[in-house]
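Down below is the structure, laid out as structure tokens.
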Amino acid sequence: MIKQSFYNILAKLFSIIIYAPAIIIMAQILSKNDFGLFQQIIFIITFLGSLFRFSFDEGIIYFFNFKKEKQYDYLLQSYNFLLITGFIICLLASLPTIFFPNLLVENEILTYSKPIIIYIFLLVTGGLVSKIFIVEEKAEYAALHSFLFFFSKAVAIVVSLFFNQSIEILLNICIVINFFNSLFCFNYIKSKCGLPLVNIDFEIIYEMLSYNIWLTLSWFISTIERSGDKILLILLFTSTDYAIYNIGGFRIPLIFLTMSSISEIFLNKISEFSRTNDLKKIYFYYNKQIKINIIYTFPILLLSYYLIDNILFLFFGLKYQEGLFVFYILNIGSVVQIFCFDYLFRGLGKTKAVGVLYLLQFIFFIILLLTVFKENNIINISIALTTSIILFGSIKLFLTKNYLNMSISHLIPVKYLAISIFSSLLGLIVIYPIKFIALHPLISLIMNILIYFIVIFLLYKKMGIFKFLLRLNSE
């Protein structure tokens, strides 16, 4: 499982490590308005592309393990649904561009409606690729696919930026790359399951939709809540404001990508044992998942808080420093995410609980904005968002205790929590004197990171963390 988790993490890290230079160069070359506008468009495309998949890319992880005797039938029907949905969405979205062309001129984002529609279609129809490799336990292929996808995308965008700074050109480049990704997905499904759309099983689709609809609802509400600040920026603020916030107010991607990658691997196991309602086995794997999350989350979180000011200044200068406080506020929620409640509930088949909780969490978030935090600014939005995450994280912890019939003290691995926090704080103490040495900012940043993680490595080795990981790999 450690090997599969490693490759799954690697696959998602490529999306950051390889694509990050393209974002940095884009932010430096484009004007604030154009960079903000492009990021707004990408956010809308990503949001709608994920929404219109109706969680079929996530639900297949559950059904592939829960319905082992017909697992490839479920995979084929998932893809059939996504293809049909993609064509319907494409058709419906094209109608306003035909009958109401004047509306497109009045909105800066809608002027790019045609490439947006095509891009969304490709995201919907190509969304199963990485999940297929996960359920087939071929995470190394997912890593290779991610590398090739984001490397080609980053190179094409960077080359284009030096010759033409047109947003339309950048979108067209993304469309071409995603077209080949969708084509690969189609051929892979065809080789494993037969030609798509030839045999459509509405009974299987309905069964999956019944499971996925609550996932979709929970995803939709959680995305609205997590990205409510960005949505409000798109609706109420300028593209320049969005650009500043997008750079300064990002959450720590390494934590969330690593967490989701590991959780997908453990979801396979939890879904498998949920067939027999084997709570001991489910708790066994869930407990290991929490311990792993603690091991890497606190070191990355504390180091990021310590260095973020310097990182933003080094890569983007002073013009993007205004979102710094938003970063500090939003990333507090990383502590709650350690428990990955949603993945556990999905593995137990309790997707309705996930949807209802996110709905209530979203309502609470809105109530906070309308009552306690009335001023319409980004800081208040971030505080309300983080408050709702922490409160409902506590509620999910209580529900988890009931589902697994365990006490909260058993769910929280205090030993690993103490080791992680102690090691992280000691690492920060060790690197603190570096700030008084006159070094180039990049060299200083590299030294801080290297020395910090060497300290973490040595302390983890001394305290038996790596022995735990080796034991887990054999299990």
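Quick note: numbers below take in every heavy atom, side chains included, and nothing from hydrogens, waters or symmetry partners.
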Distance-only donor-acceptor hits, side chain of residues 442-456, under 3.5 Å, sequence neighbours excluded:
unit_1, atom_1, unit_2, atom_2, d
Ser444, OG, Asn448, ND2, 3.4
Asn448, ND2, Ser444, O, 2.8
Tyr452, OH, Pro299, O, 2.8

Would you give me the side-chain donor-acceptor pairs under 3.5 Å for residues 302-314, sequence neighbours excluded?
unit_1, atom_1, unit_2, atom_2, d
Ser304, OG, Ile300, O, 2.7
Tyr305, OH, Tyr328, O, 2.4
Tyr305, OH, Ile332, N, 3.3

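Atom OG1 of Thr297 and atom CG of Asn331 lie 11.0 Å apart (nearest 0.5 Å). Between the CG atom in Leu397 and the CD1 atom in Ile412 there is a gap of 5.5 Å [rounded to 0.5 Å]. Atom CD1 of Ile205 and atom CG of Leu82 lie 9.5 Å apart (nearest 0.5 Å). One finds the CG atom of Leu51 at 13.0 Å from the CD1 atom of Ile44 (value rounded to the nearest 0.5 Å). The CZ atom of Phe151 sits 11.0 Å away from the CD1 atom of Ile177 when rounded to the nearest 0.5 Å.
Here the side chains of Phe149 and Asn178 are in contact, with some heavy-atom distance below 4.5 Å. Using a 4.5 Å heavy-atom threshold, the side chains of Ile23 and Phe35 count as touching. A heavy-atom distance below 4.5 Å is found between the side chains of Ile395 and Phe392. Annotation: side chain of Ile157 is in contact with side chain of Cys174 (closest heavy-atom distance under 4.5 Å).
Across all their heavy atoms, Ala22 and Leu161 have their closest contact at O-CD1, 4.4 Å. Nearest heavy atom pair, residue Thr125 against residue Cys185, reads O-SG, 3.8 Å. Tyr460 approaches Ile295 most closely through the heavy-atom pair OH-O, 2.6 Å. Annotation for Leu357 and Lys396: closest pair CD1-CG, 3.7 Å, computed over non-hydrogen atoms. Across all their heavy atoms, Asn181 and Gly126 have their closest contact at ND2-O, 3.4 Å. Considering every non-hydrogen atom in both Ile120 and Phe52, the closest pair reads CG2-CD1, 4.2 Å.
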**Message:** Quick one, Ser182 with Val124, criterion side-chain contact (heavy atoms from CB on, under 4.5 Å). Give me CA distance, side-chain angles, the key distance, then yes/no.
**Reply:** CA-CA 9 Å; Ser182 295; Val124 171; over 6 Å; no
**Request:** Given side-chain contact (heavy atoms from CB on, under 4.5 Å), test Val335 with Leu301 step by step and report yes or no.
**Result:** CA-CA 9 Å; Val335 177; Leu301 182 64; 4.1 Å; yes
**Message:** For a side-chain contact (heavy atoms from CB on, under 4.5 Å) check, start with the C-alpha distance between Tyr296 and Ser420, then their side-chain angles and the critical distance, and finish with the verdict.
**Reply:** CA-CA 8 Å; Tyr296 67 81; Ser420 180; over 6 Å; no
**Request:** With side-chain contact (heavy atoms from CB on, under 4.5 Å) as the test, would you mind laying out the steps for Phe43 and Thr46 before giving the verdict?
**Result:** CA-CA 5 Å; Phe43 174 81; Thr46 304; 5.9 Å; no
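Between the Tyr416 side chain and the Ile290 main chain, no donor and acceptor come within less than 3.5 Å of each other. For Thr386 (side chain) and Ile329 (main-chain N/O), a donor-acceptor pair under 3.5 Å exists by modelled atom type. A donor-acceptor distance shorter than 3.5 angstrom exists from the side chain of Arg53 to the backbone of Leu123, with no hydrogens or angles considered. Remark: the backbone N or O of Phe364 is not paired with any side-chain donor or acceptor of Ser388 at under 3.5 angstrom.
With sequence neighbours left out, Phe398 forms a side chain to side chain contact (heavy atoms under 4.5 Å, CB included) with Lys401, Asn402.
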